[in-house]
Amino acid sequence: MLSFGAKSLLLVSLFLWAEASILDARKPDPFKKVSLVAPDGSARADFIPFGATTTNFWVKDKHGKIRDVLLGFDNHTLYQSDAKGHPYFGPIVGRYANRIKNGTFSIPISKNPPPSGPNVFHVPENENNGTDTLHGGTNGFDRRVWSIAAQTKSSVTFTLVDPDGTQGFPGTVHATVQYTLAPHATWNINMHATATKKTPIMLSGHHYWNLEAYEETQDLVGHVAQFDASRVIATDGHLIPTGKLLNVGDTALDFRKAKSIGKSCVGFDNCWIHDKVKKNKPVFSIWSNNSGIRLDVTTNQPALQANWRSRVYTCNGIFNASLPIPRKTSQGGPNAFYENHSCVVIEQESWIDAINNPEFHVNQIYAPGRDYNWEATYAFSTIS
């Protein structure tokens with residue numbers, strides 16, 4: 001016969017097992033497709049809970065033909081398996097987007113914090129042979145299964161709880177992202193996060209675009225961009241900010257006047273600082289002269305990372321000859337592959353690695369009473 005203590009322990013264990021079973025039963029299928037359509041049918045998009053990832057985005061070109069202009073995988077398990085690499089196709093990145101120098105920061109923030117000590121935090125270095133942290137570390141928000149909190153025909157809300165101490169970050173963070181398709185091919189993205197302790201938070205959507213869906217060309221010569229940003233954040237050879245700003249005047253980085261992306265440079269991976277961020281006024285515009293599809297971005301974020309990322313990034317290293325990524329069937333795949341400099345990543349975010357550069361005077365530490373908010377509108381239209 002079990003003792004009273006043993007019975008109590010058994011009951012507690014059974015309770016915890018039942019609670020875990022209930023929570024597991026509520027855990028969504030990471031690859032369950034969520035399909036949304038704008039009320040007027042002007043845009044369609046698909047999402048999955050894994051990474052709160054956008055997998056497809058369809059809009060009409062200048063001829064009225066619908067095209068999927070977002071890069072991704074047809075086989076959704078590839079978002080998790082890394083069998084074709086991990087290019088961060090379409091997820092929410094965090095808890096801290098972009099890079100953290102040496103995977104180390106302090107609160108209050110400081111320049112070049114020591115590897116350890118009071119109020120110094122260390123997170124996994126997952127880039128450049130273990131010298132810095134990229135997009136939140138080895139298990140960032142892009143690798144988590146988000147819960148579906150609400151869904152309608154044109155909107156879905158994903159939520160995620162990031163426990164205190166996960167990957168070395170202090171405080172529990174509750175994050176929410178809402179995707180909404182509105183009339184006139186408008187995509188609204190709203191992110192909100194709260195923290196139980198002081199902690200850095202910087203989220204972003206990591207979406208790869210080709211506004212031609214690879215139909216006319218395989219490069220960005222026909223893609224034109226314009227945005228008012230007279231400065232970029234200076235970085236070292238590993239794209240880690242130095243704390244300085246550079247003027248874009250008389251350089252290939254100057255897009256204050258509209259010009260071809262592909263003709264401007266073989267590749268970009270820079271963080272531009274918007275000269276002004278105004279509500280309801282686009283801070284970034286890009287269009288294809290071939291398809292006629294135009295995208296105007298409005299946001300409350302002060303910076304743009306572009307690989308060829310606001311951060312703008314032009315897919316500099318997306319092609320690996322030993323592990324090529326097949327294009328989606330909607331973009332001419334799977335026998336054709338995503339090539340370097342054939343797409344644009346546009347990341348609306350705050351100043352990169354500001355938590356290690358106090359001279360930026362940007363406060364990215366959030367705590368009870370100070371919530372994190374991120375907003376962006378992606379408005380699609382056509383030009384003749």
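All residue numbers in this chain count up from 1 along the given sequence.
A donor-acceptor pair is defined here as one N or O able to donate and one able to accept, closer than 3.5 Å; no such pair exists between the side chain of D228 and the backbone of D275.
With Y96 as reference, I355 is the one residue of L134, L203, I355 to meet the side chain to side chain contact (heavy atoms under 4.5 Å, CB included) rule. Considering F73, Y88, F47, F50 as possible partners of Y79, the one that fulfils the ring pair (Phe, Tyr, Trp, His ring centres under 6.0 Å) test is F73.
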(request) Step by step, work out the side chain to side chain contact (heavy atoms under 4.5 Å, CB included) result for V248 and R256. (result) CA-CA 9 Å; V248 302; R256 288 173 292 181; 4.1 Å; yes
(request) Show your reasoning for whether side chain to side chain donor-acceptor pair (under 3.5 Å) applies to N357 and K111. (result) CA-CA 6 Å; N357 291 280; K111 190 79 171 180; 2.5 Å; yes
(request) Begin from the C-alpha positions of Q80 and R143 and carry the test side chain to side chain contact (heavy atoms under 4.5 Å, CB included) through to its verdict. (result) CA-CA 7 Å; Q80 183 181 50; R143 292 186 178 272; 6.0 Å; no
(message) Quick one, F121 with F169, criterion ring pair (Phe, Tyr, Trp, His ring centres under 6.0 Å). Give me CA distance, side-chain angles, the key distance, then yes/no.
(response) CA-CA 7 Å; F121 301 89; F169 285 104; 8.8 Å; no
(request) For side chain to side chain contact (heavy atoms under 4.5 Å, CB included), just list the numbers for K197 and I107, CA-CA rounded to whole Å, side-chain angles, deciding distance to a tenth of an Å, and then say yes or no. (result) CA-CA 11 Å; K197 296 178 183 178; I107 299 177; over 6 Å; no
(request) Might you work through the side chain to side chain contact (heavy atoms under 4.5 Å, CB included) test for I352 and R99, ending with a clear yes or no? (result) CA-CA 7 Å; I352 58 175; R99 292 165 178 86; over 6 Å; no
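Under the 4.5 Å side-chain heavy-atom criterion for Ile, Leu, Val, Met, Phe, Trp and Tyr, I346 and M191 are members of the same hydrophobic cluster. A single hydrophobic cluster is seen to contain both W187 and V297, as judged by linkage of ILVMFWY side chains at heavy-atom distances under 4.5 Å, directly or through other members.
Under 3.5 Å, the side chains of S285 and D296 contain a donor-acceptor pair of N or O atoms. Looking at S291 and E215, their side chains never bring a donor and an acceptor atom within 3.5 Å of each other. A donor-acceptor pair shorter than 3.5 Å can be found between the side chains of D46 and S35.
Residue T53 holds its OG1 atom at 9.5 Å from CH2 of W146, rounded to the nearest 0.5 Å. Interatomic distance, CG of D371 versus NE2 of H174, reported as 12.0 Å (0.5 Å rounding). Going from atom OH of Y214 over to atom NZ of K328 covers 10.0 Å, rounded to the nearest 0.5 Å. A distance of 10.5 Å separates OG1 of T242 from CG of D353, quoted to the nearest 0.5 Å. Note that NZ of K101 and CG of N112 are 4.0 Å apart. Values are rounded to the nearest 0.5 Å. Atom CD of Q151 sits about 6.5 Å away from atom CG of L36, to the nearest 0.5 Å.
Classification of the Y378-H207 ring pair by plane angle, with boundaries at 30° and 60°, yields perpendicular. Ring geometry for F255 versus F227: interplanar angle under 30°, hence parallel rather than tilted (30 to 60°).
Judged by a 6.0 Å distance limit and a 45° cone about the ring axis, R144 is not positioned over the six-membered ring of F141.
Enclosure of atom CG in N129 is not indicated, since only 12 or fewer non-hydrogen atoms of other residues, nucleotides or ligands lie within 6.0 angstrom. Annotation for K84: atom NZ counts as buried by contact number, over 12 foreign heavy atoms lying within 6.0 Å. Counting non-hydrogen atoms of neighbouring residues, nucleotides and ligands closer than 6.0 angstrom, the NZ atom of K33 reaches no more than 12 such neighbours. Residue K244 places its NZ atom among 12 or fewer non-hydrogen atoms of other residues, nucleotides or ligands, all under 6.0 Å distant. In this structure, K60 places its NZ atom where only 12 or fewer heavy-atom neighbours from other residues, nucleotides or ligands lie under 6.0 Å away.
At least one side-chain heavy atom of H223 sits less than 4.5 Å from a side-chain heavy atom of N210.
In this structure, F57 has its ring center at least 6.0 angstrom away from the ring center of Y179.
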